Amino acid sequence: MQRKIGIIGGSGVYQISGLEAAQWQEVATPWGAASDQILTGRLNGTELAFLPRHGRGHVHSPSSLPYRANIDALKRLGCTDILAVSAVGSLREDLPPGDFVLVDQYIDRSFAREKSFFGEGLVAHVGFAHPTCARLGAEVLSAAASAGVKLHQGATYLVMEGPQFSTLAESRLYRQWGADVIGMTGCPEAKLAREAELCYASLAMVTDFDCWHPGHDAVDVAAVIATLSANADKARNVIAALPAALEARPGACPCGCDRALDTALITASEKRDPALAAKLDAIAGRLL
Ligand SMILES: CSC[C@H]1O[C@H](OP(=O)(O)O)[C@H](O)[C@@H]1O
Ligand SMILES: Nc1ncnc2[nH]cnc12
């Protein structure tokens with residue numbers, strides 16, 4: 001099956017250029033409106049769909065982002081994979097601002113968000129031990145290498161609720177927990193992508209040392225934007241190199257992302273809520 005890559009652009013990444021047949025499209029979903037219209041087109045022969053996570057002009061806050069609509073809209077457009085781009089704070093001395101990391105684990109401390117497409121009347125529990133797709137991750141690593149961008153492989157992303165940045169005590173605590181980077185959007189986005197049976201990888205740009213580092217000022221938006229602007233080309237170059245790095249003969253996902261719901265649905269068929277089942281047409285239609 002040919003792959004179609006959804007790109008979710010984070011803070012500072014509100015559009016991408018170089019797409020052939022580029023077109024901004026409105027995609028309606030049963031979960032409401034997505035963060036913005038979605039830019040579709042082809043990049044070096046691969047179908048792409050780009051969605052700015054916070055909307056053009058950065059209008060949505062991490063707590064009020066329409067996470068479910070965003071994932072549903074990308075799935076509805078036929079995306080098989082999602083590359084999420086994010087700005088993150090560093091919780092480690094050896095991950096300085098300007099570096100990129102490939103996130104592969106999350107500690108989800110967010111609490112004020114809808115975290116599942118499923119619920120009352122149609123319950124599902126997907127596996128999330130390995131929250132990102134190893135195949136897509138390897139392809140992103142290879143794209144970064146060919147774009148000449150240093151990308152650290154593997155990082156644990158602490159998801160905080162925000163929108164305020166952390167206190168010093170919190171930042172120190174998260175370091176003790178072994179988290180490597182901190183941001184506000186990684187979950188539930190990755191969780192919902194798994195429920196939608198999409199391969200998901202997270203390319204994170206380190207923009208600051210949060211507030212724990214004695215040799216650096218505590219993070220503020222100006223510092224984040226300054227680092228993002230200085231390094232935005234690197235993110236663009238990784239994205240541009242991704243089509244050539246994709247597996248030439250794609251089959252089923254070797255990690256099983258595309259079959260995540262096979263063993264997840266638990267509500268008896270006769271007890272299922274038909275209204276919720278109808279809303280899940282794009283997400284779980286193949287099983288309902
Ligand atoms: C602008 S600093 C805080 C903001 O930046 C990150 O956004 P994203 O993950 O979409 O790149 C962080 O999660 C906060 O939403
Ligand atoms: N220090 C930080 N904390 C939370 N989200 C961030 N995004 C970028 N830097 C961040």
Side-chain angles (χ1 to χ4, degrees), residues 6-16 34-36 50-67 70-71 74 82-93 95-103 106-113 131-132 155-175 177 179-193 200-213 215-232 234-236 238-239:
I7 310 269
I8 301 183
S11 293
V13 184
Y14 307 111
Q15 57 185 340
I16 51 172
S35 291
D36 202 335
F50 172 81
L51 173 61
R53 180 182 291 120
H54 300 274
R56 284 167 285 179
H58 205 118
V59 290
H60 302 290
S61 135
S63 303
S64 55
L65 271 174
Y67 293 98
N70 288 353
I71 296 296
L74 291 170
I82 292 182
L83 174 61
V85 181
S86 283
V88 292
S90 169
L91 298 172
R92 266 176 38 194
E93 185 78 55
L95 290 180
D99 275 20
F100 283 78
V101 296
L102 187 67
V103 170
Y106 297 92
I107 299 175
D108 184 9
R109 299 288 297 163
S110 68
F111 51 81
R113 306 162 185 200
T132 60
T156 297
Y157 176 136
L158 186 297
V159 188
M160 59 176 292
E161 183 60 43
Q164 301 83 2
F165 289 113
S166 305
T167 63
L168 179 56
E170 287 164 340
S171 198
R172 286 178 173 156
L173 178 68
Y174 302 150
R175 273 165 54 74
W177 285 355
D180 302 308
V181 295
I182 181 163
M184 304 179 190
T185 63
C187 291
E189 193 173 272
K191 292 178 169 174
L192 295 166
Y200 183 91
S202 163
L203 174 67
M205 184 201 290
V206 176
T207 53
D208 53 86
F209 274 116
D210 199 37
C211 62
W212 62 270
H213 199 302
H216 291 265
D217 289 340
V219 57
D220 63 19
V221 167
V224 170
I225 297 299
T227 311
L228 275 169
S229 315
N231 296 281
K234 294 186 195 163
R236 280 191 209 105
V238 175
I239 293 170

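Being a predicted model, the structure only gives us computed values, none of them experimental. Note that ligands are numbered from 1 as they come in the structure, with each ligand's atoms numbered from 1 the same way.
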At what distance is the nearest protein heavy atom to [atom], and which residue and atom is it?
atom                   : value
atom 5 (N) of ligand 2 : G183 CA, 3.4 Å
atom 3 (N) of ligand 2 : F165 CD2, 3.5 Å
atom 7 (N) of ligand 2 : A87 O, 3.3 Å

Regarding ligand 1, does [X] bring an N or O atom to under 3.5 Å of one of the ligand's N or O atoms?
X    : answer
H58  : no
M184 : yes
V224 : no

Q) With under 30° as parallel and over 60° as perpendicular, where do the rings of Y200 and Y106 fit, or are they tilted in between? A) tilted
Q: Name the orientation class of the two ring planes belonging to W177 and Y174 (parallel below 30°, tilted from 30 to 60°, perpendicular beyond 60°).
A: tilted
Using a strict 4.0 Å cut-off to heavy atoms of [X], name the atoms of ligand 1 that fall inside it.
X    : answer
P62  : 15 (O)
T185 : 8 (P), 9 (O), 10 (O), 13 (O), 15 (O)
H54  : 7 (O), 8 (P), 10 (O), 15 (O)
R53  : 8 (P), 9 (O), 10 (O), 11 (O)
G183 : 13 (O)

Q) Going from CD1 on I239 to CG on L203, what distance comes out if it is rounded to the nearest 0.5 angstrom? A) 7.0 Å
With a heavy-atom distance limit of 4.0 Å, tell me whether [X] approaches ligand 2 through its side chain, its backbone, both, or neither.
X    : value
T207 : side chain
I182 : both
D208 : side chain

Q.
Which option wins on minimum heavy-atom distance to atom 7 (O) of ligand 1: A223, S11, G10?
A. S11
(Q) Going by the closest heavy atom to atom 10 (C) of ligand 2, which one wins out of G89, S166, G162? (A) G89
**Q.** W212 vs E93 side-chain heavy atoms within contact, under 4.5 Å
**A.** yes
Q) Can you name the nearest heavy-atom pair linking L228 to A87, along with the distance? A) CD2-CB, 4.2 Å
